[in-house]
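We name chains A, B, ... by the order of the sequence lines, and we start the count at 1 in each one.
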Amino acid sequence: MMQKNSKIECKKTSYLTPEKKSKMLIPYAVLCELTHRCPLSCPYCSNPVQLEMKSNEVNTEIWKKALTEAVKLGILQAHFSGGEPTARKDLEVLINHASKEGLYTNLITSGVLVNEERLKKLYDSGLDHVQISIQDTDPKNSEKIAGFKGHNKKLEVCKLVRKVGLPLTINSVMHRQNLHNLKSMIELAVELDAERLEVAQVQYYGWALKNQTAFLPTRKQLDNATKVVEEARIKYKGILAIDYVVPDYYAKKPKSCMGGWGRQFLNITPAGKVLPCHAAESLTFLDFDNIKEKPLSWIWEHSQSFNRFRGTDWMPEPCRSCDRREIDWGGCRCQAFALTGNADAADPACEFSPYRNVLEEPLSKAGTDTPKFIYRKF
Amino acid sequence: MVELIKLKSDDMPKLPRHAKLRYDEARKKWIINAPERVFELDEIAAEIMQMIDGNLSINQIVDKLANKFENAPKEQISKDVIIMLQSLADKGFVIK
Ligand code: SF4
Ligand code: SF4
């Protein structure tokens with residue numbers, strides 16, 4: 001599944017009530033990673049380095065049960081992802097079940113496995129929204145990054161998504177190899193009649209960390225990209241919404257990862273493990289409970305993994321006494337662990353982090369020779 | 001292409017297919033689900049959103065609200081309703 005920025009945004013206008021401080025947190029969304037199978041092999045894939053085989057995948061009935069439990073827990077949206085979720089033949093059944101239970105359903109796909117007939121079936125099952133990843137606007141580069149010849153097929157499927165009447169988001173992971181095409185990516189999204197463009201950043205753990213030198217953009221590329229986005233936002237106001245955040249390494253403060261650990265979001269892996277974030281398995285010292293064994297509500301409230309970094313009690317300095325501790329929640333745990341070996345540390349993307357210097361080496365390499373990609377594979 | 005619309009008081013607004021209104025038992029609140037976002041509605045917003053079904057004009061909705069909340073001046077209600085619906089329309093979550 002592609003890299004994602006934080007998923008849920010709660011709009012507050014005078015009509016919309018501010019979030020009440022209640023004891024029991026209510027999650028907003030669940031990301032269902034139905035499978036790790038995928039015809040593509042993006043070198044920044046956020047799936048774990050150790051992929052699950054088909055034989056370990058959770059069956060239809062257990063997924064249905066988990067989705068029903070998700071609604072009871074207060075979850076409002078279900079994202080179906082992977083790997084490539086359309087590789088599962090029971091996708092329609094699961095979407096239909098989720099939709100009947102009242103969940104808002106979103107399909108996160110590379111698009112390469114579906115045709116018009118399948119899209120119609122998904123629409124009839126109650127699918128609400130489709131998100132398609134595009135690796136670059138330059139077909140050759142796009143296919144090089146994906147490790148798969150499917151660029152034109154993707155464009156065709158985007159058009160079919162709109163044809164069957166579904167709203168479309170284009171997700172594009174932007175990095176050193178394609179940032180120069182950001183402007184044409186925005187134009188492509190408009191041309192494909194997408195409502196949203198998500199300019200996602202590579203998050204460096206797992207596969208992406210292996211390929212960091214190839215992907216880390218230069219400061220100059222970024223400044224240029226930010227300008228392109230600002231201009232496009234004005235030009236396409238009301239036509240295309242653009243989600244864009246400056247990548248961590250160049251920011252002064254970290255992003256709030258998943259809206260805070262165990263606060264808004266849960267992720268279920270193809271094998272049924274329930275994670276507070278899709279990358280959490282990179283925290284190798286955590287144990288994750290499984291929907292095959294425990295109810296989702298129990299896992300949300302009581303599991304060791306969800307409580308480990310929930311709230312602010314676990315924080316050492318500088319986060320503990322920082323006035324941003326309930327804004328960014330100390331940043332990304334997976335990034336902190338991957339880069340410093342200390343999962344409790346402030347995210348090194350933070351200017352107050354004592355580990356800030358770990359970013360210096362990779363940043364000094366940004367823009368140097370591009371090494372060969374290490375592709376995602378089983 | 002998402003059309004920019006300017007709501008007028010005789011328009012009959014409704015939600016597009018990709019914005020879904022429902023009551024959430026866990027939060028005890030009405031919400032609107034939309035791609036990658038959730039709008040939590042307060043009491044009045046929930047009243048309004050339940051009425052916008054493409055069959056009632058904004059004027060009719062205002063009348064109903066004015067009956068219900070007797071001490072609020074109608075002009076004020078009308079202004080508030082249009083502001084709220086327009087802000088959703090600007091994001092493509094209300095159509096007519
Ligand atoms: S390989 Fe690419 S398309 Fe497949 S799951 Fe990973 S990021 Fe998504
Ligand atoms: S010190 Fe911790 S809480 Fe403060 S900004 Fe940095 S990461 Fe966030």
Side-chain angles (χ1 to χ4, degrees), chain A residues 4-20 22 24-29 70-79 99 102-106 123 126-131 162 165-169 171 190-191 193-196 198 236-241 243 264 297, chain B residues 1-7 13 15-52 61 65 69 72 76-95:
Chain A
K4 301 275 301 159
N5 302 328
S6 167
K7 295 186 171 291
I8 295 298
E9 184 190 332
C10 296
K11 280 278 143 189
K12 289 165 198 162
T13 73
S14 59
Y15 283 94
L16 311 172
T17 44
E19 201 181 327
K20 286 206 191 71
S22 78
M24 182 46 203
L25 292 157
I26 304 174
Y28 284 91
V71 178
K72 293 211 185 94
L73 198 51
I75 287 176
L76 304 171
Q77 305 204 340
H79 303 275
S99 174
L103 290 165
Y104 194 83
T105 56
N106 177 26
Y123 180 91
L127 181 60
D128 292 306
H129 180 255
V130 179
Q131 186 169 320
R162 299 296 294 127
L166 283 162
L168 174 68
T169 291
N171 177 294
V190 173
E191 189 190 313
D193 197 16
E195 262 113 19
R196 284 178 61 251
E198 213 177 84
Y236 299 115
K237 185 170 187 278
I239 293 169
L240 181 76
D243 283 5
Q264 304 194 338
S297 57
Chain B
M1 187 90 64
V2 187
E3 298 286 338
L4 280 182
I5 55 167
K6 193 103 199 84
L7 291 172
L15 289 168
R17 184 187 186 261
H18 65 268
K20 287 187 163 169
L21 177 74
R22 80 164 164 93
Y23 186 71
D24 172 43
E25 226 11 272
R27 290 173 184 76
K28 308 272 178 248
K29 259 186 211 166
W30 284 87
I31 58 113
I32 298 172
N33 263 322
E36 302 286 326
R37 49 165 79 181
V38 172
F39 297 88
E40 292 185 25
L41 305 178
D42 71 10
E43 214 181 311
I44 297 172
E47 290 266 355
I48 299 169
M49 295 317 288
Q50 286 175 82
M51 285 191 272
I52 68 147
I61 293 172
L65 288 170
F69 303 99
Q76 190 57 45
I77 297 180
S78 170
K79 225 171 111 194
D80 288 354
V81 169
I82 291 190
I83 290 174
M84 181 208 158
L85 291 177
Q86 186 65 50
S87 80
L88 286 166
D90 287 344
K91 300 181 188 97
F93 301 130
V94 164
I95 55 174

Does NZ or CZ of B:Arg22 fall inside the cone over A:Tyr104's six-membered ring, less than 6.0 Å from its centre and within 45° of the axis?
no
A:Leu73 portion near chain B, given a 4.5 angstrom heavy-atom threshold:
backbone
What's the spacing between A:Asp243 CG and B:Arg37 CZ if we round to 0.5 Å?
8.0 Å
Which atoms of A:Leu127 are under 4.5 Å from chain B, going by heavy atoms: the side chain, the backbone, both sets, or neither?
backbone
Taking B:Ala19, B:Ala46, B:Ala26, B:Pro35 one by one, which has the highest count of heavy-atom pairs under 4.5 Å against chain A?
B:Pro35
Looking at side-chain heavy atoms only, is the closest gap between A:Leu76 and B:Arg27 below 4.5 Å?
yes
Donor-acceptor contact below 3.5 Å, side chain B:Glu25 vs main chain A:Gly74:
no
Expected output: side-chain A:Asp128 to main-chain B:Ala34 donor-acceptor under 3.5 Å:
no
Per-residue tally against chain B (heavy atom, under 4.5 Å) across A:Ala241, A:Pro167, A:Gly165 peaks at A:Pro167
Rounded to the nearest 0.5 Å, the NE2 atom of A:His129 sits from the CG atom of B:Asn33 at a distance of 12.0 Å
Should the pair B:Arg17 and A:Tyr123 be classed as cation-pi, given the thresholds of under 6.0 Å to the six-membered ring centre and 45° from the axis?
yes
Decide yes or no on side-chain contact (heavy atoms from CB on, under 4.5 Å) for A:Asn106 and B:Glu36, but give the supporting numbers first.
CA-CA 9 Å; A:Asn106 177 26; B:Glu36 302 286 326; 3.2 Å; yes
